[in-house]
**Q** 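Dropping the structure in here first, questions after.
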Amino acid sequence: MANAFLFFLLFIFSSNIIFENIHACNQSERSSLRFLALTLSSPHLNWTSADCCNWEGITCNEGGWITHLQLPSKGLKLKEGTFLSSSLGNLTHLTHLNLSHNSLYGSLDQTELFLSMNDLEILDLSYNLLFGVLPSSLPSSHIRMVDLSSNRLQGEIPSFFFQQAWNLTSFNVSNNTFSGPIPSFICHPSSSSLRHLDFSFNKFNGSISSGLGKCSKLQVFRAGYNYLSGTLPEDIFNSTTLEEISLLRNSLYGAVSDRISNLTNLTTLDLSYNQLNGVLPLHLGKLSKLKHVLLDFNYLEGSLPLSLMNCTNLIELRMGANNLGGDISMLNFSKFSQLNKLDLRHNNFFGIFPRSLYSCKFLKAIRVGYNNLEVQIQPEILSLKYLSFLSLGWNKRLTNISEAVKILMGCRRLVVLSLASSFLGEEMPNGVEMADFNGFQNLQILDLNSCNLSGIIPSWLSKLKNLQVLNLNHNRITGSIPSWLGTLPRLQTLMMQFNQLSGEFPKELCTIPMLVSGKTAAQVGRISLELPIYCRPSAHAKPLQYNYIFYTPFIYLGHNCLSGNIPIEIGQLQLLQLLDLSANNFSGNIPDQISNLKYIEVLDLSMNHLTGKIPASFTGLNFLSRFNVSYNNLRGPIPSSTQLQSFNASAFEGNLKLCGAPLSNECQTTMGADAPEMSTQDADTEEHQISWFYVFVALGFNTGFWGVCGPLVLVTKWRYAYYHFLDNVQNKFHVMRAKRMASMKRRFV
Ligand SMILES: *[C@@H]1O[C@H](CO)[C@@H](O)[C@H](O)[C@H]1NC(C)=O
Ligand SMILES: *[C@@H]1O[C@H](CO)[C@@H](O)[C@H](O)[C@H]1NC(C)=O
Ligand SMILES: *[C@@H]1O[C@H](CO)[C@@H](O)[C@H](O)[C@H]1NC(C)=O
Ligand SMILES: *[C@@H]1O[C@H](CO)[C@@H](O)[C@H](O)[C@H]1NC(C)=O
Ligand SMILES: *[C@@H]1O[C@H](CO)[C@@H](O)[C@H](O)[C@H]1NC(C)=O
Ligand SMILES: *[C@@H]1O[C@H](CO)[C@@H](O)[C@H](O)[C@H]1NC(C)=O
Ligand SMILES: *[C@@H]1O[C@H](CO)[C@@H](O)[C@H](O)[C@H]1NC(C)=O
Ligand SMILES: *[C@@H]1O[C@H](CO)[C@@H](O)[C@H](O)[C@H]1NC(C)=O
Ligand SMILES: *[C@@H]1O[C@H](CO)[C@@H](O)[C@H](O)[C@H]1NC(C)=O
Ligand SMILES: *[C@@H]1O[C@H](CO)[C@@H](O)[C@H](O)[C@H]1NC(C)=O
Ligand SMILES: *[C@@H]1O[C@H](CO)[C@@H](O)[C@H](O)[C@H]1NC(C)=O
Ligand SMILES: *[C@@H]1O[C@H](CO)[C@@H](O)[C@H](O)[C@H]1NC(C)=O
């Protein structure tokens, strides 16, 4: 009993001693921390008690020295005029410094921040506002991890930066503005521990010099989104431990060496958006662990190596926009039991669309558009339960649209369906066979453009409650525009150019919910697409990539036979950004209410029979970047505003009674004798037709997929924040595609 009591006392006593020891905070370090706290403007750190080892984010060692300073995601901000470095420099025993995801502003080079941190092992200052160049060397020989990603650092990586960093395992400087060469010298012979290297999203340039092959443990090498050129360094294939190589969006050229088959642990190979050429490595199939192969947007040629069939772990195979070819039916896809995404668009593959694909049970996305495949939709496609993205258009003729639609309707998860340039000359399925139509409940994009389909706009479309983009451009559709289009709850892009639609512009179309109410539009969540869609803003611009459907409130009804007045209700489509009614038979005045479309960027009313004046209220359309009322019977002065006067005279020409700048004829106070009327037919110049047309053909070509690209043609001009991520690509693509585009244009014109 007494023993137990004694033991109890002893316990209390000893634990007190431990307590005392652990919390012996060095007063000098305490004052350094206090100083740090004083330089922070927010938030308030409760760093007041005597023992600084108890403070939030602080850990001390047994000697009472501060070893860890970890305050990630605390919203830390420095007061103006103070620097991070000056207050931290005195914590000489620090091993872990983690201040990531704050708003720390300052230059790393400014003071001797690192100079005294000779024990530092972990340095994480990612996601801050640090700028300037790097100090000449890393602080400590014990350093293991360095993460400076997502700051605003710049300059070259100094050549002695890694001099003593023998134990460095991970170095991440992605998402800064570093320039100069990739520091291949990071792998000096004595530092064999490097595993992760991330240089992506910077401005590194020049070729990747050899050296990385010396990193005998390297697993991840990322340097995508830079300005790198030259060939892949040969010695990288000596790093047999590599699991990921991501060098997308650079200007690398040359062939991928067959030595890549030495990298047997490779799971991710992303070299997309470069200028690689030559044939694919014959023995690629030795890389049996490959999961993600992304080689799209290069100049690769030849066929897919048969050995690829041994890559049975493939999840994603993306080879689009290359010069690859060969008979695709030679490939047996049934071995790809894990395959999720297959993208072979825009190549020269031929042969029968392989049925073996239907045994890839997990397929979510298939895009083989723009090849020479013989595609026919088979009922087996229903075994692809997860299929959400299907793009087969621009191949050898697909036939029997009724049957195809009937089958595809069973693909319950389908979100994107593009069958452009298929079923040529058939009739749009409608009527009895579609009576029980109950499919496509998740469909958001339907692209049947350039199919030359006849018939009317079928009523089963009215059941597609999730449809956002409908592209029926370039068909022979007749009849009137059905009023139920105005009730489709998600519809935001209506493309029906180049058809034979007649009748009036239905008033009901002016109630499309997504174009009327910002609330409705905002409620529609963006789901990401299984494959990105591409398009270029103009014929010679770089292709842009979109990973989800943008809000594109556009109506294209140009080049039809629509007549009657433009309804005044059009003013309700407040959110509309593009309205193309060109080359129809619209008559009457231009309704004043169009000036309610305050976001309108493109307004094309050309080549109609519109009369009267251009409403003076048009001077308030501030976003207009394209405007065309040419070849109508408009009269009177062009309203003066910087906006309307900024367009070329060609936007107004062909209206003989229209006057004032930018036209050269000045307005008379009394109108002269009536000039001879000019019919719209005469006015329908070929040149004019081509300008719109050109853009669309161009898009079709780049994308093999017009559905969304058509409307997205304008987006780069937009101001909205959500376009900020649009990335650029090398110029070269347009050279290649411009040629094909030209031949395409000939086919249509
Ligand atoms: C506290 O640290 C300073 C140097 O930073 C050192 O000179 C001093 O001896 C330390 N005090 C104690 C009690 O360890
Ligand atoms: C850092 O230590 C030096 C002397 O070693 C001292 O002069 C300076 O005031 C200290 N800085 C802070 C912020 O405590
Ligand atoms: C500050 O921390 C001390 C103990 O370290 C605690 O007693 C006090 O309540 C805290 N103050 C605030 C405002 O959180
Ligand atoms: C820094 O802290 C964040 C948040 O806790 C964590 O995710 C990150 O891994 C840490 N950095 C390092 C290098 O450990
Ligand atoms: C590097 O790491 C090894 C193994 O963890 C360790 O023994 C050695 O002391 C470290 N070297 C330095 C300079 O930290
Ligand atoms: C580097 O940091 C970024 C965040 O800035 C992160 O997305 C990326 O995965 C990191 N790279 C590696 C190889 O861990
Ligand atoms: C780059 O950094 C910015 C700002 O810190 C951040 O918003 C953005 O998401 C980062 N981008 C990437 C690709 O990590
Ligand atoms: C890299 O970029 C810098 C600055 O833009 C330039 O001076 C240098 O010549 C470039 N180096 C190479 C190899 O292109
Ligand atoms: C790659 O490694 C082999 C032997 O492992 C060596 O002979 C060769 O020089 C290395 N290649 C390069 C480019 O470093
Ligand atoms: C490949 O990965 C396995 C398992 O992760 C590992 O045991 C093996 O050493 C690696 N091979 C190479 C060459 O790094
Ligand atoms: C790499 O592969 C080649 C054959 O492609 C072979 O001769 C060489 O020995 C391999 N090197 C290594 C380091 O495995
Ligand atoms: C696939 O792998 C097997 C076994 O490793 C091998 O015998 C066969 O030749 C390979 N097939 C191809 C096409 O490379």
Side-chain angles (χ1 to χ4, degrees), residues 72-73 98-104 122-130 144-153 157 168-178 182-183 186-187 192-202 204 212-226 235-249 258-270 279-293 302-314 326-327 330-337 356 725 727:
S73 307
N98 189 344
L99 297 172
S100 66
H101 288 92
N102 284 298
S103 303
L104 299 172
I122 309 287
L123 174 64
D124 188 348
L125 297 174
S126 60
Y127 288 95
N128 277 291
L129 304 169
L130 303 171
R144 288 187 282 127
M145 290 175 77
V146 175
D147 191 347
L148 299 173
S149 63
S150 296
N151 279 287
R152 298 160 182 184
L153 298 163
I157 309 276
L168 193 62
T169 60
S170 166
F171 185 67
N172 191 345
V173 289
S174 71
N175 200 11
N176 281 284
T177 48
F178 287 110
I182 291 283
I186 193 170
C187 306
S192 53
S193 14
L194 256 176
R195 289 185 165 79
H196 297 127
L197 277 180
D198 197 337
F199 301 105
S200 32
F201 298 99
N202 277 289
F204 287 108
L212 294 176
K214 293 194 191 117
C215 284
S216 56
K217 289 185 180 153
L218 193 61
Q219 292 169 346
V220 176
F221 174 44
R222 293 185 195 156
Y225 295 85
N226 278 293
D235 79 326
I236 201 174
F237 304 119
N238 272 13
S239 297
T240 51
T241 45
L242 270 170
E243 292 169 12
E244 173 180 339
I245 301 179
S246 293
L247 296 170
L248 68 159
R249 297 203 184 240
D258 204 34
R259 288 195 61 207
I260 199 172
S261 53
N262 284 13
L263 308 181
T264 48
N265 269 359
L266 204 63
T267 59
T268 298
L269 178 64
D270 189 348
V279 298
L280 288 167
L282 198 59
H283 298 107
L284 198 62
K286 282 195 187 153
L287 308 180
S288 58
K289 294 188 182 170
L290 272 178
K291 289 183 177 163
H292 306 275
V293 178
S303 50
L304 296 180
L306 282 180
S307 71
L308 195 65
M309 295 302 113
N310 272 358
C311 302
T312 51
N313 291 303
L314 271 182
D327 185 349
M330 302 285 285
L331 299 174
N332 179 2
F333 286 86
S334 62
K335 290 194 180 174
F336 298 143
S337 57
S356 57
F725 74 88
D727 8 66

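Every number for a ligand or one of its atoms is a count from 1 in the order of the listing.
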**Q** Phe204 vs Phe178 aromatic rings, parallel, tilted or perpendicular, using cut-offs 30° and 60°?
**A** parallel
**Q** Testing Thr241, Thr169, Val220 for side chain to side chain contact (heavy atoms under 4.5 Å, CB included) with Arg195, which one passes?
**A** Thr169
**Q** Arg222 heavy atoms, cut-off 4.0 Å: which ligand 6 atoms fall inside?
**A**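 Those qualifying, in numeric order: 8 (C), 9 (O), 11 (N), 12 (C), 13 (C).
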**Q** Checking the N or O distance criterion of under 3.5 Å, is ligand 6 in contact with His196?
**A** no
**Q** Check the angle between the aromatic planes of His101 and Tyr127 and answer parallel, tilted or perpendicular using the 30° and 60° thresholds.
**A**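 It falls in the parallel class, under 30°.
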**Q** Do we see a donor-acceptor contact under 3.5 Å between the side chains of Arg222 and Asn172?
**A** no
**Q** Provide the number and element of each atom of ligand 12 under 4.0 Å from a heavy atom of Ser307.
**A**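 The atoms of ligand 12 under 4.0 Å from a heavy atom of Ser307 are 12 (C), 13 (C), 14 (O).
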**Q** Can Ser246 and Asp270 be counted as having a side-chain donor-acceptor contact under 3.5 angstrom?
**A** no
**Q** Using every non-hydrogen atom in the two residues, find where Ser356 and Phe333 come nearest and quote the distance to one decimal.
**A** OG-N, 3.0 Å
**Q** Under 3.5 Å between some N or O of ligand 6 and some N or O of Ser150?
**A** yes
**Q** As an exercise, identify every atom of ligand 6 less than 4.0 angstrom from a heavy atom of Tyr127.
**A**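 What qualifies from ligand 6 is 4 (C), 5 (O).
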**Q** Under a strict 4.0 Å criterion on non-hydrogen atoms, which protein residues are in contact with ligand 10?
**A**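 Near ligand 10, by chain and number: Thr240, Thr241, Asn265, Lys289.
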**Q** For ligand 6, which atoms have a heavy atom of Ser174 less than 4.0 angstrom away?
**A** 1 (C), 2 (O), 3 (C), 5 (O)
**Q** Can you spot which of Leu194, Ile236, Asp198 makes a side chain to side chain contact (heavy atoms under 4.5 Å, CB included) with Phe221?
**A** Ile236
**Q** Which ligand 6 atoms are under 4.0 Å away from a heavy-atom of Asp198?
**A** 1 (C), 8 (C), 10 (C), 11 (N), 12 (C), 13 (C)
**Q** Side chains of Lys289 and Asn265: any donor to acceptor distance under 3.5 Å?
**A**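 Yes, a side-chain donor-acceptor pair sits under 3.5 Å.
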**Q** Quick one: which ligand 6 atoms are inside 4.0 Å of a heavy atom on Ser149?
**A**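 In order of numbering, the contacting atoms are 2 (O), 3 (C), 4 (C), 5 (O).
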**Q** Search all heavy atoms of Asp258 against all heavy atoms of Leu282 and return the closest pair with its distance.
**A**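 Of all heavy-atom pairs spanning Asp258 and Leu282, the closest is OD1-N, 3.2 Å.
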**Q** List in chain and number order the residues that pass side-chain hydrogen bond (donor to acceptor under 3.5 Å, both in side chains) with His196, two or more places apart in sequence or in another chain; answer none if no residue qualifies.
**A**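 Partners of His196 under the side-chain hydrogen bond (donor to acceptor under 3.5 Å, both in side chains) test: none.
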